[in-house]
Amino acid sequence: MKVFEWDDLRVFLAIYRGRSVRAASKLMGVSHSTISRRLQAMESQLDLQLFIRHNEGFILTEMGEAMVERAERVESEILSMEREVFGRDALLSGPIRITMLPHIAQHLIIPHIVKFTSLYPDINIEIDASNDIVDLDRRNADIAIRFQAEPEEHLIGRKLPDFGLAVYASHDYEEKHSFTGKSPSARWLSWEKSNNHGLLSRWMKSTQYQHCLVQHSIADPLGLQEAVKAGLGFAYLFCFTADKDPQLTRLPNIDKQYIPAWILTHPDSVATERVKVFARFLWDELNADVERISGNIND
């Protein structure tokens with residue numbers, strides 16, 4: 001009978017998240033040869049291949065894909081038990097610096113940080129809520145929450161739920177404007193400086209409102225949502241804030257779009273126990289909030 005040990009799953013998840021033996025070895029604090037040997041033994045025991053070795057990194061096979069969700073569920077349960085049983089006696093203390101967009105900090109992360117600090121009162125959280133990309137290599141932050149397709153190869157990444165975006169307008173704006181036809185009066189608001197290129201423009205052109213003109217650009221997500229509420233136009237907004245705003249309505253018959261997100265740490269930072277504990281805690285909390293983050297809560 002083929003039996004998995006917890007350390008086998010840790011190796012599997014470390015390679016999956018790091019996409020290389022090098023990154024996995026840094027995450028687990030062991031040598032490259034140990035990771036390679038453990039993976040080889042695991043695949044030999046199962047008599048199947050979990051990863052395809054590619055120039056761009058390790059890519060999951062179909063069987064590997066099937067294991068990820070279950071492995072992460074086991075990890076979550078074990079880490080939850082560790083926090084519950086050992087967390088209060090760990091005597092963890094000191095600062096943790098985390099960087100993210102102001103939109104994420106204000107409307108998503110703060111309640112989770114309140115919960116974390118009740119468990120670890122001697123840890124001090126320093127939040128850099130900024131649109132700037134803080135350099136983790138220079139240790140300007142310990143943890144970053146970023147929207148990107150894949151983490152940089154040398155960073156340790158934990159995949160978060162994809163953030164859902166839908167098209168919203170104020171109730172008054174929806175009633176007073178036409179959105180379809182040859183000459184619609186409604187106007188798109190964009191976060192891109194150019195109206196003709198980029199991901200957002202492709203999303204707009206794929207909707208039934210593709211003939212509406214793009215008139216204004218607001219790069220800040222919070223500012224963009226306020227502009228939609230004020231009746232300046234309609235726009236793609238993050239579901240986790242727009243869905244709970246009573247002044248906004250999600251326009252019908254438009255597919256949601258999704259942006260991938262990651263919790264990123266530098267290998268040197270994640271070796272610090274308090275950083276490791278906080279990254280795990282935040283990953284657990286945000287995955288538990290997947291329905292709101294993805295925008296599926298009102299579907």
Side-chain angles (χ1 to χ4, degrees), residues 56 100-109 129-133 144-151 159-262 286 289-299:
E56 297 180 359
M100 69 198 83
L101 291 172
H103 195 53
I104 303 298
Q106 294 180 35
H107 293 275
L108 189 63
I109 299 300
S130 169
N131 292 317
D132 297 331
I133 297 178
I145 297 178
R146 289 182 184 161
F147 295 119
Q148 56 190 74
E150 296 288 345
K159 182 74 170 63
L160 291 172
D162 291 339
F163 278 66
L165 296 98
V167 180
Y168 297 85
S170 69
H171 299 285
D172 188 58
Y173 193 88
E174 183 185 25
E175 292 176 0
K176 292 182 178 179
H177 289 82
S178 61
F179 290 78
T180 57
K182 293 183 178 180
S183 301
S185 62
R187 295 291 182 263
W188 281 105
L189 302 180
S190 173
W191 66 65
E192 295 174 344
K193 292 182 180 179
S194 170
N195 295 334
N196 300 316
H197 305 285
L199 177 66
L200 184 60
S201 296
R202 294 197 296 273
W203 290 354
M204 292 175 179
K205 292 174 183 177
S206 70
T207 72
Q208 65 198 57
Y209 309 136
Q210 59 185 292
H211 298 298
C212 294
L213 298 178
V214 181
Q215 190 165 5
H216 305 288
S217 174
I218 303 172
D220 174 57
L222 288 173
L224 183 62
Q225 184 164 320
E226 289 301 312
V228 173
K229 287 167 59 176
L232 190 62
F234 71 108
Y236 272 101
L237 301 174
F238 283 101
C239 297
F240 76 90
T241 52
D243 278 342
K244 64 180 184 180
D245 193 320
Q247 298 182 54
L248 296 177
T249 181
R250 190 192 292 190
L251 299 185
N253 304 319
I254 301 293
D255 291 336
K256 290 195 304 293
Q257 301 292 345
Y258 296 93
I259 297 180
W262 295 80
L286 294 180
D289 208 11
V290 61
E291 292 297 310
R292 186 164 71 99
I293 290 173
S294 66
N296 295 333
I297 198 166
N298 291 326
D299 287 353

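The figures that follow rest on heavy atoms only: side chains count, while hydrogens, waters and symmetry mates do not. Position 1 is the first residue of the sequence, and the numbers go up from there. On a predicted model such as this, the values are computed, not experimentally measured, just so you know.
The backbone N or O of Gln148 sits less than 3.5 Å from a side-chain atom of Trp262, completing a donor-acceptor pair. Side chain of Thr249 to main chain of Ser170: no donor-acceptor pair is present (N/O by atom type, distance under 3.5 Å, no hydrogens or angles). The backbone N or O of Asp172 lies less than 3.5 Å from no partner atom in the side chain of His177, so there is not a single donor-acceptor pair.
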*Step by step, work out the side-chain hydrogen bond (donor to acceptor under 3.5 Å, both in side chains) result for Ser217 and Glu192.*
CA-CA 6 Å; Ser217 174; Glu192 295 174 344; over 6 Å; no
*Where do His211 and Thr180 land on the side-chain contact (heavy atoms from CB on, under 4.5 Å) test, with the steps shown first?*
CA-CA 7 Å; His211 298 298; Thr180 57; over 6 Å; no
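Considering only heavy atoms from C-beta on, Tyr236 comes within 4.5 Å of Thr207 through its side chain. Residues Val228 and Leu248 form a side-chain contact, since some pair of their non-hydrogen atoms from C-beta on lies under 4.5 Å apart. Residues Phe240 and His103 form a side-chain contact, since some pair of their non-hydrogen atoms from C-beta on lies under 4.5 Å apart. Side chains of Met204 and Tyr209 form no contact here, defined as non-hydrogen atoms less than 4.5 Å apart. Using a 4.5 Å heavy-atom cutoff, the side chains of Leu251 and Phe179 are in contact. Using a 4.5 Å cut-off on side-chain heavy atoms (C-beta onward), Phe238 and Pro221 make contact. Counting only heavy atoms from C-beta outward, the side chains of Ile218 and Trp191 never approach each other to under 4.5 Å. Looking only at side-chain heavy atoms (C-beta outward), Trp203 and Val167 stay at 4.5 Å or farther from each other.
Within a 6.0 Å radius of CD1 in Ile259, more than 12 heavy atoms belonging to other residues, nucleotides or ligands are found.
In this structure, the separation between CZ on Phe163 and OH on Tyr258 is 13.0 Å, given to the nearest 0.5 Å. To the nearest 0.5 Å, atom CG of residue Leu108 and atom CD1 of residue Ile145 are 7.5 Å apart.
Considering every non-hydrogen atom in both Lys244 and Arg292, the closest pair reads NZ-NH1, 3.8 Å. Between Ala261 and Pro161, the closest heavy-atom pair is CB-O, 4.3 Å. Residues Ala186 and Cys212 share a closest heavy-atom pair of O-CB, 3.5 Å. Between Tyr173 and Ser185, the shortest heavy-atom contact is OH-O, 4.2 Å. The two residues Ala166 and Cys239 have their closest heavy-atom pair at N-SG, 3.7 Å.
Side-chain atoms of Tyr168 and Asp243 form a donor-acceptor pair, as typed in the model, at a separation below 3.5 Å. Side-chain contact, Asn296 with Ser294: a donor N or O sits under 3.5 Å from an acceptor N or O.
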